[in-house]
Protein chains: 2
Amino acid sequence: MPDVTSERTETDHEVLAAVLQIRSETLQVLLWQRAQQPDRGRWALPGGLLGHDEDVQTSMLRQLEDKVDVREVAHIEQLGVFSEPRRVPGIRLVATTFLGLVPCDADPTVPEDTRWHPVAELPPTAFDHAEIVRDARDRLRAKLSYTNLGFALAPQEFTISELRELYVSALGHPVSATNLQRVLARRGVLVPTGEVAPPGPTGGRPAALFRFAERRLRVTDASAVLRPPNVGD
Amino acid sequence: MPDVTSERTETDHEVLAAVLQIRSETLQVLLWQRAQQPDRGRWALPGGLLGHDEDVQTSMLRQLEDKVDVREVAHIEQLGVFSEPRRVPGIRLVATTFLGLVPCDADPTVPEDTRWHPVAELPPTAFDHAEIVRDARDRLRAKLSYTNLGFALAPQEFTISELRELYVSALGHPVSATNLQRVLARRGVLVPTGEVAPPGPTGGRPAALFRFAERRLRVTDASAVLRPPNVGD
DNA sequence: TCAAAAGTGTTCTAGCTACACCCATGG
DNA sequence: CCATGGGTGTAGCTAGAACACTTTTGA
């Protein structure tokens, strides 16, 4: 409530992003190595303190500019608030966390202290950042199934095989190219460009190129069972 | 990041809950009427400032104790952060928001300045609270379809007709009792108690009583299309 | 002509909808 | 016996899984 008393209740507030990208057929997250105590040498998510005159998402994008070109971030969304009082030793710091996604064909230049790490085998991480990365991965996996979120991992144009590789890397389990193609086509998520990609050195039929019909998040799986009746009318 | 400089960056941080309940076959939200400026006379969500030594959810439950007996809150979850710099006039105040659900058979005593209001026709609300209520309603509607979240709206035991009424009120569209029964039974969400409810004054076959198999949130709709193969094995 | 890669056709099944029909009660 | 509300049986539909088969290329 806005009735702020004289009692001191302010807290520092940071924003943190788990920026994910498929690199070398592996789901990776952008981390930087802390040079100072506490948790010196451990790897941390990019972020920083919330400024006076910005909302959390604006702040997050601003902070990411230092680490990765923001134009490369195809999608960003809030994950949740981490606010355990002792999550960072020494000070009280509340974190609003984000999931960010970078298409696999982008190769942003990142600072010296910054590196991509496979989400499946994280190095020692600072504070509660490993949990945040897990949450981000789980959110991505869930949304790949019932939304068009693949657009944020894929390049502008791609073949079905390439898209399949991305889904396999993100989901961590086999995906059939045949069915992926049909499911996404039926839902109107993919549209053919009409072009084909040249075959590889070992030959094979040239693959048709596709792009995502929309590059903004949309829920595509209507199979929520308690939806309104007669939707088809 | 925990490298807090001498520069002043602290912000006040509040927690706000949209507490929803089905009352008189209508989805309603608990609001209190502001007695002070700003936005005096307008209706606001219950909440308050985050304390020094509590996480946001603990704080939220503590603040709700004043407005509604916490034991009545069957489910609570984070909705998101609202942080637009001028969302509250005069001060910078970041809000972590929650969705809370109260079973329809609970009738918590609420303070003088507090009242339930239909979500569909809100009175003039303070600040950005109407948007928060909308988000809460949308979250509830979505999760009713693919989780067992109904447990948080329903009493311990109920007939299928009663449950159907709750779903209709929350979703805002017709729901077939026949199919509701079968879907929830197939998913193992409902279990029959073996008892029956006495028929009403106009007769009719007595209805079987059910309860929710679990009273903690569980995702029950496996129809995420890109799930691992051979789940049935 | 063969291997490799891409794409299509077809069958099978699970889960949901719709609707007819049967059941148990009060009057 | 009938009206009322509750519950079940069943047929049809749709989306997805699995897999065989065809198409198009390079060598």
Side-chain angles (χ1 to χ4, degrees), chain A residues 144-148 157-168 171 173-210 219-233, chain B residues 144-147 157-165 167-168 171 173-210 219-233:
Chain A
L144 279 180
S145 263
Y146 66 91
T147 73
N148 64 344
E157 300 194 349
F158 47 85
T159 67
I160 296 295
S161 313
E162 288 162 357
L163 188 64
R164 178 184 154 278
E165 289 297 334
L166 294 177
Y167 275 74
V168 169
L171 293 170
H173 65 69
V175 174
S176 142
T178 299
N179 293 331
L180 182 66
Q181 131 90 291
R182 279 213 262 252
V183 167
L184 297 185
R186 182 174 28 228
R187 292 182 180 174
V189 171
L190 295 187
V191 287
T193 67
E195 309 284 299
V196 292
T202 61
R205 176 174 170 174
L209 287 173
F210 292 82
V219 173
T220 56
D221 184 1
S223 82
V225 65
L226 301 171
R227 63 180 172 280
N230 303 324
V231 176
D233 292 359
Chain B
L144 278 180
S145 262
Y146 66 90
T147 72
E157 301 195 348
F158 46 84
T159 68
I160 296 296
S161 314
E162 289 162 357
L163 189 64
R164 178 184 154 280
E165 289 297 334
Y167 275 75
V168 168
L171 293 171
H173 64 71
V175 174
S176 142
T178 300
N179 294 330
L180 183 67
Q181 132 89 291
R182 280 214 261 252
V183 167
L184 297 185
R186 180 173 34 227
R187 293 180 179 176
V189 171
L190 295 186
V191 288
T193 68
E195 309 285 299
V196 293
T202 61
R205 175 172 169 176
L209 287 173
F210 292 82
V219 174
T220 57
D221 184 0
S223 82
V225 66
L226 301 170
R227 62 180 174 282
N230 302 322
V231 177
D233 293 358

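Chain letters run A, B, ... following the sequence lines, proteins first, then strands; residues in each count from 1.
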Worksheet item: How many angstroms lie between CG in A:L171 and CG in A:L144, if you round to the nearest 0.5 Å?
Response: 5.0 Å

Worksheet item: Just how far, in rounded Å, is P of C:dA18 from CG of B:L180?
Response: 14 Å

Which side-chain N or O atoms in residues 200-209 of chain A pair as donor and acceptor under 3.5 Å with protein atoms at least two apart or in another chain?
none

Worksheet item: Is A:D221 close to B:Y146 at the side-chain level, that is, under 4.5 Å between some pair of heavy atoms?
Response: no

Worksheet entry | Those residues that, when tested against B:Q181, pass side-chain contact (heavy atoms from CB on, under 4.5 Å) (two or more places apart) | B:I160, B:A185, B:F210

Practice prompt. Identify whether any heavy atom of B:A208 sits under 4.0 Å from a base atom; if not, whether one sits that close to sugar-phosphate; answer base, sugar-phosphate or nothing.
Written response: sugar-phosphate

Worksheet item: Nearest nucleotide by nearest heavy atom, which residue falls closer to the 5' end of DNA chain D, B:L209 or B:G203?
Response: B:G203

Item to complete: Apply side-chain contact (heavy atoms from CB on, under 4.5 Å) to B:V189 and list each qualifying residue two or more places apart in sequence or on a separate chain.
Response: B:N148, B:L184, B:R187, B:F212, B:T220

Worksheet item: Is the distance from OP1 or OP2 of C:dA14 to the nearest side-chain N or O of B:R187 less than 4.0 Å?
Response: no

Worksheet item: Between B:T178 and C:dA18, does any side-chain N or O lie under 4.0 Å from OP1 or OP2?
Response: no

Worksheet entry | Close approaches to DNA chain C from residues 191-200 of chain B, in residue order (heavy atom, under 4.0 Å) | B:P199

Worksheet, complete the sentence: Rounded to whole Å, the CZ-C1' distance (A:F210 to C:dA6) equals 10 Å

Atom pairs under 3.5 Å, N or O on each side, protein against nucleotides 21-23 of chain C: can you list them with distances?
from, atom 1, to, atom 2, distance (Å)
C:dC23, O4', B:R205, NH1, 3.4
C:dC23, O2, B:R205, NH1, 3.4

Response to the item:
Separation of C:dA5 atom P from A:L163 atom CG, nearest Å, is 18 Å

Worksheet item: Between C:dA6 and A:Q181, is there an OP1 or OP2 to side-chain N/O distance shorter than 4.0 Å?
Response: no

Practice prompt. Report yes if a side-chain nitrogen or oxygen of B:R186 is closer than 4.0 Å to either non-bridging phosphate oxygen (OP1 or OP2) of C:dC16; otherwise report no.
Written response: yes

Item to complete: Rounded to 10°, tell me the angle between the two end axes of the helix from C:dT1-D:dA27 to C:dG27-D:dC1, each built from five pairs.
Response: 20°

Practice prompt. From the options C:dC19, C:dG7, C:dT10, select the nucleotide whose nearest atom is closest to the side chain of A:R182.
Written response: C:dT10

Practice prompt. Rounded to the nearest angstrom, tell me the gap between atom NE2 in A:H173 and atom C1' in D:dA17.
Written response: 13 Å

Worksheet, complete the sentence: The reported gap from CD in A:E165 to CG in A:L163 (rounded to nearest 0.5 angstrom) is 10.0 Å

Worksheet item: In terms of side-chain heavy atoms of B:N179, which of D:dG16, C:dA18, D:dG6 is nearest?
Response: C:dA18

Discussion item. Using whole Å, what does the distance between atom C1' of nucleotide C:dT8 and atom CD1 of A:I160 come to?
Written reply: 13 Å

Worksheet entry | B:S161: partners by side-chain contact (heavy atoms from CB on, under 4.5 Å), with sequence neighbours left out | B:T159

Fill in: Sugar-phosphate only, base, or nothing, as touched by A:S161 at under 4.0 Å among non-hydrogen atoms
sugar-phosphate

Discussion item. Can you give me the closest heavy-atom contact between A:S176 and A:R164, atom names plus distance?
Written reply: C-CD, 4.3 Å

Item to complete: Identify, with sequence neighbours excluded, every residue that meets salt bridge (Lys or Arg N to Asp or Glu O under 4.0 Å) alongside B:E157.
Response: B:R211

Discussion item. Between P on D:dT14 and CG on A:D221, what's the gap in Å once rounded to a whole number?
Written reply: 16 Å

